[in-house]
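Report on the structure given below.
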Amino acid sequence: VQLQACGGGLVQAGGSLRVPCAASGFSFDDFDDYYIGWFRQAPGKEREGVSCISGPEGRAYYADSVKGRFTILSDNAKGTVYLQMNSLKPEDTAVYYCAAHRGFLLRLWAPTEYAYWGQGTQVTVSS
């Protein structure tokens, strides 16, 4: 399984950005078996979970810090999961990573639970 996140960039506070995560090495017909998560890491801070889409549960999860502003979207035909980020704030500045876990997941926001990771893409929000 390989993941590739891209599409980060510089955006002004209040703006929007959509970041794709392209998955390969598994069929999205198997998507029901996977959790696809988005994490972020700001300088000097720990990696934190932002959003996750659960194939087994058929639902999405959001961290409190992004609820109502971010949306996770899956396009199974393209094998891509998107993180749509609206009303961006300077504190959203970080490197954003997508990750995947196959099977049941106990700790949704624990990076160590995810076996597969993309390389990360920088998102910078200016004030």
Side-chain angles (χ1 to χ4, degrees):
V1 175
Q2 291 185 324
L3 302 170
Q4 184 172 4
C6 60
L10 175 64
V11 62
Q12 287 189 333
S16 297
L17 199 62
R18 175 176 286 200
V19 183
C21 172
S24 61
F26 73 97
S27 168
F28 260 57
D29 290 338
D30 297 328
F31 181 75
D32 286 350
D33 293 338
Y34 284 87
Y35 290 74
I36 307 294
W38 280 98
F39 290 77
R40 66 186 181 188
Q41 189 165 19
K45 294 188 176 182
E46 293 187 351
R47 192 168 296 189
E48 63 172 350
V50 173
S51 182
C52 176
I53 189 163
S54 168
E57 299 171 82
R59 62 161 294 179
Y61 293 88
Y62 299 95
D64 288 343
S65 58
V66 306
K67 204 171 289 184
R69 300 188 297 123
F70 289 12
T71 304
I72 191 168
L73 305 163
S74 173
D75 186 337
N76 290 11
K78 294 184 178 180
T80 302
V81 174
Y82 301 90
L83 185 66
Q84 175 68 44
M85 301 182 284
N86 298 330
S87 302
L88 282 161
K89 304 175 182 180
E91 50 263 44
D92 294 319
T93 294
V95 177
Y96 282 72
Y97 300 88
C98 58
H101 171 91
R102 185 171 190 176
F104 185 69
L105 186 60
L106 278 175
R107 297 182 299 159
L108 199 64
W109 304 126
T112 53
E113 293 286 315
Y114 293 78
Y116 309 103
W117 288 85
Q119 82 285 7
T121 185
Q122 176 70 46
V123 173
T124 302
V125 184
S126 63
S127 56

How many angstroms lie between [atom1] in [X] and [atom2] in [Y], if you round to the nearest 0.5 Å?
X: T80; Y: D75; atom1: OG1; atom2: CG; result: 6.5 Å
X: I72; Y: C52; atom1: CD1; atom2: SG; result: 6.0 Å
X: F39; Y: Y114; atom1: CZ; atom2: OH; result: 4.5 Å
X: Y62; Y: T71; atom1: OH; atom2: OG1; result: 4.5 Å
X: Q12; Y: S127; atom1: CD; atom2: OG; result: 9.5 Å
X: R47; Y: T112; atom1: CZ; atom2: OG1; result: 11.0 Å

Side chains of [X] and [Y]: does their closest heavy-atom pair fall under 4.5 Å?
X: L83; Y: S51; answer: yes
X: P111; Y: Q41; answer: no
X: W38; Y: C21; answer: yes
X: M85; Y: V11; answer: no

Which class fits the ring pair Y96 and F70: parallel under 30°, tilted 30 to 60°, perpendicular over 60°? tilted
Looking only at heavy atoms, what is the nearest atom pair of [X] and [Y], with distance?
X: I53; Y: S74; result: CD1-CB, 3.8 Å
X: V81; Y: I36; result: CG2-CG2, 3.8 Å
X: V19; Y: T121; result: CG1-CG2, 3.6 Å
X: L17; Y: G9; result: CD2-N, 4.0 Å
X: S16; Y: S87; result: OG-N, 4.3 Å
X: E113; Y: H101; result: O-ND1, 2.7 Å

Salt bridge or not for D64 and K67, using N-O below 4.0 Å? yes
Is there a path of hydrophobic side-chain contacts, each under 4.5 Å between heavy atoms of I/L/V/M/F/W/Y residues, joining [Y] to [X]?
X: Y82; Y: V123; value: no
X: V50; Y: Y61; value: no
X: Y97; Y: L108; value: yes

Show the numbers, then the answer: is there a side-chain contact (heavy atoms from CB on, under 4.5 Å) between L10 and Q122? CA-CA 8 Å; L10 175 64; Q122 176 70 46; over 6 Å; no
Sequence-distant partners of Q119, side-chain contact (heavy atoms from CB on, under 4.5 Å), two or more places apart: Q4
Show the numbers, then the answer: is there a side-chain contact (heavy atoms from CB on, under 4.5 Å) between D92 and R69? CA-CA 11 Å; D92 294 319; R69 300 188 297 123; 2.7 Å; yes
Could you work out, with side chain to side chain donor-acceptor pair (under 3.5 Å) as the rule, every residue matching Y35, not counting sequence neighbours? E57
Stepwise side-chain contact (heavy atoms from CB on, under 4.5 Å) test for V1 and R102: CA-CA 10 Å; V1 175; R102 185 171 190 176; over 6 Å; no
